[in-house]
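The block underneath contains the structure these notes are about, expressed in structure tokens.
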Amino acid sequence: MRETKNIDRLFQEKLKDFEKYPGQGAWSAIEKELSPVSPKRRFRPWYRIASIAAVFLLLMGVGYRYEIPNTDFFEKMLANGPTESVVVETSPQEDSKPSNTLVETANIPEEIPVSSDISTSIAAVQEVSDDLSENNRLLKGQDRSDMGLDFAENPLFSTSPFTAPKTAPLSNRFSVATIFAPIYLSGVDNASLGTQLGNGTVATNLSYAYGLKVSYQLSKRISFQSGINLINMGYTANQVPFAATMASEGEPLTKSLPKNESLVSGKTNNQSVTNLNRVFGYVEIPVEVKYHLTEGRLGINLVGGFSTLLLNRDDIFLQNDFDKQDLNGLETLRSVNFTGNIGLDVDYSIRKNLYLNISPMFKLQTNAFSRNADNVLPYYIGVYTGVNYQF
Amino acid sequence: MSLQKLIKQCAKNDRQAQQEIYHLYAGSLFSICLKYSNNKQEAQDNFQDGFITIFKKIGQFDFRGSFEGWAKRVMINTVLLKYRKKSVLNIVTEDIPDEVIVEVDDEEISLDFLLDLIRGLPERYRLVFNLYVLDGYSHREIAGMLKIAEGTSKSNLARARVILRQQIERYQTGQQSI
């Protein structure tokens with residue numbers, strides 16, 4: 001029976017439940033066009049586990065390496081006593097030229113008077129050694145978790161075969177990046193040995209860092225990253241007066257200075273320009289969280305976290321136009337300290353899985369110096385650049 | 001395996017999950033192709049292209065709406081992209097009524113007949129009629145999808161309706177005379 005109907009409704013009603021399956025060969029045709037399942041995929045979990053294990057062992061190795069010299073250093077220092085390690089004495093040679101500024105550590109006879117400032121320095125160094133010994137004990141003991149070195153509890157390593165592999169879906173991605181960064185150190189003026197000893201200005205030298213960064217993508221927006229960097233830093237304290245004074249006297253400094261007068265008081269005559277240089281370095285192990293702001297070819301990320309710094313070099317020397325003299329043994333840097341890190345991380349894709357990476361970071365150092373400079377918070381800015389490979 | 005997990009596995013190019021998704025949605029998605037394409041062979045080709053696009057883009061699905069709705073949109077867009085490239089229809093600007101009434105006997109009109117009518121429409125008319133009448137897109141959306149003016153979409157729809165009514169009436173007249 002015929003009825004009038006809106007043509008739209010006619011089609012809508014008739015085709016409402018319309019469903020028809022394609023022929024048998026349709027799936028095969030689609031499957032052929034889909035990208036082939038890579039046989040490598042089956043082995044990818046092993047690559048990941050191997051990568052994690054390699055990083056884990058690398059970090060463990062670094063920790064072990066820096067444990068040994070610290071132990072030797074402090075055991076020796078404690079056995080010899082503070083007097084031996086810090087007393088500065090001019091050369092006993094009578095015929096030494098005025099330009100020679102020899103400073104050495106040696107045993108000195110008990111009857112030689114020591115100025116009160118030197119005594120203070122001795123006390124300070126004793127404190128440093130106490131602090132460092134404490135750190136050293138921690139390094140050797142079972143208390144590593146206090147220092148952020150407990151890999152088992154670090155979320156970055158939660159998928160390690162050595163810990164519980166219970167979480168971390170395999171869909172998440174790892175990336176490895178090489179790093180090089182010029183470092184601009186600042187905030188050391190009040191803590192530098194040079195300004196403690198005299199009134200000279202302090203100039204920081206251009207420093208640099210290099211290393212490896214490993215990143216683990218936890219979710220679409222969040223990644224954890226860690227790695228290992230070697231940092232080299234330095235500064236120069238200009239116009240430190242005491243080396244010239246020693247030289248001009250031509251006799252052991254400790255004998256020439258009246259009791260209770262500062263070693264470097266400036267009251268002595270014939271001062272000449274001598275610079276104090278300090279070159280020091282750290283092994284840095286950062287643990288950072290990265291938040292992805294944008295995705296695609298240009299990835300912009302916010303980065304925040306902290307780093308553990310292990311002192312691996314601390315050379316101090318006096319230098320003037322004529323000579324250079326080591327002053328090692330006057331360390332005021334702690335062997336372990338930390339930085340709070342914040343910065344940006346920009347990735348630019350140059351090929352599939354390969355990115356250029358630039359990451360300007362601000363790092364504020366805590367407890368870098370010994371107790372007598374605790375109020376000083378040095379900081380540095382590094383522009384970390386490198387190539388990032390995702391896998 | 002849950003649908004969500006299946007989708008995630010598909011994003012990792014898991015062939016078994018892809019096959020399961022295919023079997024779940026092949027019927028409804030092939031039907032779209034039969035309506036939007038101008039013959040069965042093209043429908044088959046469009047279906048394959050559309051499904052490959054779905055698997056390529058499945059990682060972009062954000063689990064907010066229904067997956068079937070998302071897959072249909074991808075399928076429709078794939079087909080439209082193909083026809084949009086070669087569509088050269090002229091714009092018809094004559095006055096045509098918004099509503100077209102036809103006198104029909106439901107018993108006489110089969111689904112396959114209606115499908116044949118749709119497929120017999122000129123390309124743009126077919127696309128606009130499908131999008132507006134059968135899939136509920138607005139003229140503004142259609143204009144965006146086909147890169148045409150909104151007025152053109154309305155005009156195409158009206159012309160499609162008139163053609164369809166003529167075809168149905170001719171068919172019924174033929175049936176009566178048999």
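Just so it is clear, the values below take in all heavy atoms, side chains as well, and ignore hydrogens, waters and symmetry mates. Since we're looking at a predicted model, the values are computed, not measured. Residue numbers start from 1 in every chain, and the chains themselves are labelled A, B, ... in the order their sequence lines are given, proteins ahead of strands.
- In this structure, CD1 on Ile32(B) lies 10.5 Å from CZ on Phe18(A), to the nearest 0.5 angstrom.
- No side-chain heavy atom of Leu164(B) sits under 4.5 Å from any side-chain heavy atom of Leu10(A).
- Rounded to the nearest 0.5 Å, atoms CG (Leu157(B)) and CG (Asp8(A)) are 6.5 Å apart.
- Most heavy-atom pairs under 4.5 Å with chain A, from the set Leu117(B), Leu29(B), Ile118(B), Leu111(B): that is Leu111(B).
- Side-chain contact check for Phe51(B) versus Glu31(A): every heavy-atom pair is 4.5 Å or farther apart.
- Of the inter-residue distances, the one linking Lys35(B) atom NZ with Leu15(A) atom CG reads 6.0 Å to the nearest 0.5 angstrom.
- Annotation: maximal heavy-atom pairing with chain B below 4.5 Å, among Arg9(A), Lys16(A), Gln12(A), occurs at Gln12(A).
- Proximity to chain A is limited to the side chain of Ile168(B), based on heavy atoms less than 4.5 angstrom apart.
- Looking at every heavy atom in both residues, Tyr21(A) comes nearest to His23(B) through CE2-O, 4.2 Å.
- Trp27(A) and Phe55(B) have perpendicular rings, their planes meeting at more than 60° on a 0 to 90° scale where under 30° would count as parallel.
- Contacts between Leu34(B) and chain A at a heavy-atom distance below 4.5 Å involve the side chain alone, from C-beta outward.
- The number of heavy atoms from other shown groups lying within 6.0 Å of OH (Tyr132(B)) does not exceed 12.
- Leu115(B) touches chain A through its side chain: at least one heavy atom from C-beta onward sits under 4.5 Å away, while N, CA, C and O do not.
- Atom CZ of Arg165(B) and atom CD1 of Ile7(A) lie 7.5 Å apart (nearest 0.5 Å).
- For the pair Lys14(A) (side chain) and Ile109(B) (backbone), a donor-acceptor distance under 3.5 Å is present.
- In the displayed structure, Leu298(A) atom CG is contacted under 6.0 Å by more than 12 heavy atoms of other residues, nucleotides or ligands.
- Looking at Gln44(B), only its side chain comes within 4.5 Å of chain A, counting heavy atoms on both sides.
- The two atoms that bring Ser31(B) and Lys20(A) nearest to each other are OG-N, 2.9 Å, heavy atoms only.
- Here Gln48(B) contributes atom CD and Lys32(A) contributes atom NZ; the two are 9.5 Å apart, rounded to the nearest 0.5 Å.
- Nearest approach of Glu19(A) to Gly27(B), heavy atoms of both residues: CG-C, 3.3 Å.
- Ring planes of Phe129(B) and Phe11(A): perpendicular class, angle over 60° (limits at 30 and 60°).
- Within a 6.0 Å radius of CD1 in Ile342(A), other residues, nucleotides and ligands contribute 12 heavy atoms or fewer.
- Across all non-hydrogen atoms, the minimal contact from Phe47(B) to Pro22(A) is CE2-CG, 3.5 Å.
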